[in-house]
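Computation of the quantities below employed the complete heavy-atom set of this structure, encompassing side-chain atoms and omitting hydrogens, waters and symmetry-equivalent molecules.
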Amino acid sequence: MRLRELITLVHQLDASLKLGFDTNPIKPISGMSASDNHLKLHTVTQTPLTVKTFRQHATHFDQQLVVFKSDGERLYGFRQSGHWLLFK
């Protein structure tokens, strides 16, 4: 998925949803960076980004970037579970 598509998809979601990776236990997504045409989502701290903070930060990146985990695994989708938006 590209950043542009992700921004469009989360536009209608609750701004307070926390971002995380769909693992057991959930790994909170706490930051993002750009490198080599990739938008990399990081789990640096236990304080997760919310949909609102994601939208604010995403405007600073090229919308054509492909979305990846920081370990280089490409992300293809997400689901909502409780107060989480989980990427897989």
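Under a hydrophobic clustering in which Ile, Leu, Val, Met, Phe, Trp and Tyr are joined whenever their side-chain heavy atoms come within less than 4.5 Å, directly or via other members, Ile7 and Leu65 fall into the same cluster. Taking hydrophobic clusters as Ile, Leu, Val, Met, Phe, Trp and Tyr residues chained together by side-chain heavy-atom distances below 4.5 Å, Leu75 does not share a cluster with Trp84. Leu9 is connected to Phe61 through a chain of hydrophobic side-chain contacts under 4.5 Å among Ile, Leu, Val, Met, Phe, Trp and Tyr, so both are in one cluster. Residues Leu41 and Met1 are members of one and the same hydrophobic cluster, defined by side-chain heavy-atom contacts under 4.5 angstrom among Ile, Leu, Val, Met, Phe, Trp and Tyr. Cluster membership for Phe54 and Leu86, using ILVMFWY side-chain heavy atoms within less than 4.5 angstrom, is not shared.
For Lys40, the NZ atom sits in a packed shell: over 12 heavy atoms of surrounding residues, nucleotides or ligands are nearer than 6.0 Å. The environment of CG in Asp14 is crowded: more than 12 heavy-atom neighbours from other residues, nucleotides or ligands sit within 6.0 Å. Atom CG of Asp71 sits in a crowded spot, with more than 12 heavy atoms from other residues, nucleotides or ligands closer than 6.0 Å.
A heavy-atom distance below 4.5 Å is not found between the side chains of Phe78 and Leu19. Between Lys18 and Leu85, the closest side-chain pair of non-hydrogen atoms is not below 4.5 Å.
With hydrogens and angles ignored, the 3.5 Å screen pairs a side-chain donor or acceptor of Thr50 with a backbone N or O of Thr53. Although no hydrogens or angles enter the test, the distance criterion places a donor-acceptor pair under 3.5 Å between the side chain of Arg55 and the main chain of His11. Without hydrogens or angle criteria, Thr43 side chain to Ile29 main chain gives no donor-acceptor distance under 3.5 Å. At least one donor-acceptor pair under 3.5 Å links the side chain of Arg2 to the backbone N or O of Gln64.
With rounding to the nearest 0.5 Å, the separation of NZ in Lys27 from CD in Gln46 is 10.5 Å.
Note: Phe21 and Phe87 fail the aromatic proximity criterion, with ring centroids not under 6.0 Å apart.
Across all non-hydrogen atoms, the minimal contact from Val67 to Leu3 is CG2-N, 3.9 Å. Heavy-atom minimum distance, Ala58 versus Met32: N-CE, 3.9 Å. Contact detail for Leu17 and Gly82: the closest heavy-atom pair is CD2-O, 3.8 Å.
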Candidate pair Arg79 and Asp22, rule side chain to side chain contact (heavy atoms under 4.5 Å, CB included), full reasoning: CA-CA 8 Å; Arg79 68 182 179 91; Asp22 196 359; 2.9 Å; yes
Taking it one step at a time, do Ser33 and His42 satisfy side chain to side chain contact (heavy atoms under 4.5 Å, CB included)? CA-CA 8 Å; Ser33 64; His42 303 280; 2.6 Å; yes
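Side-chain contact annotation: His83 with Ser16, donor-acceptor N/O pair under 3.5 Å absent.
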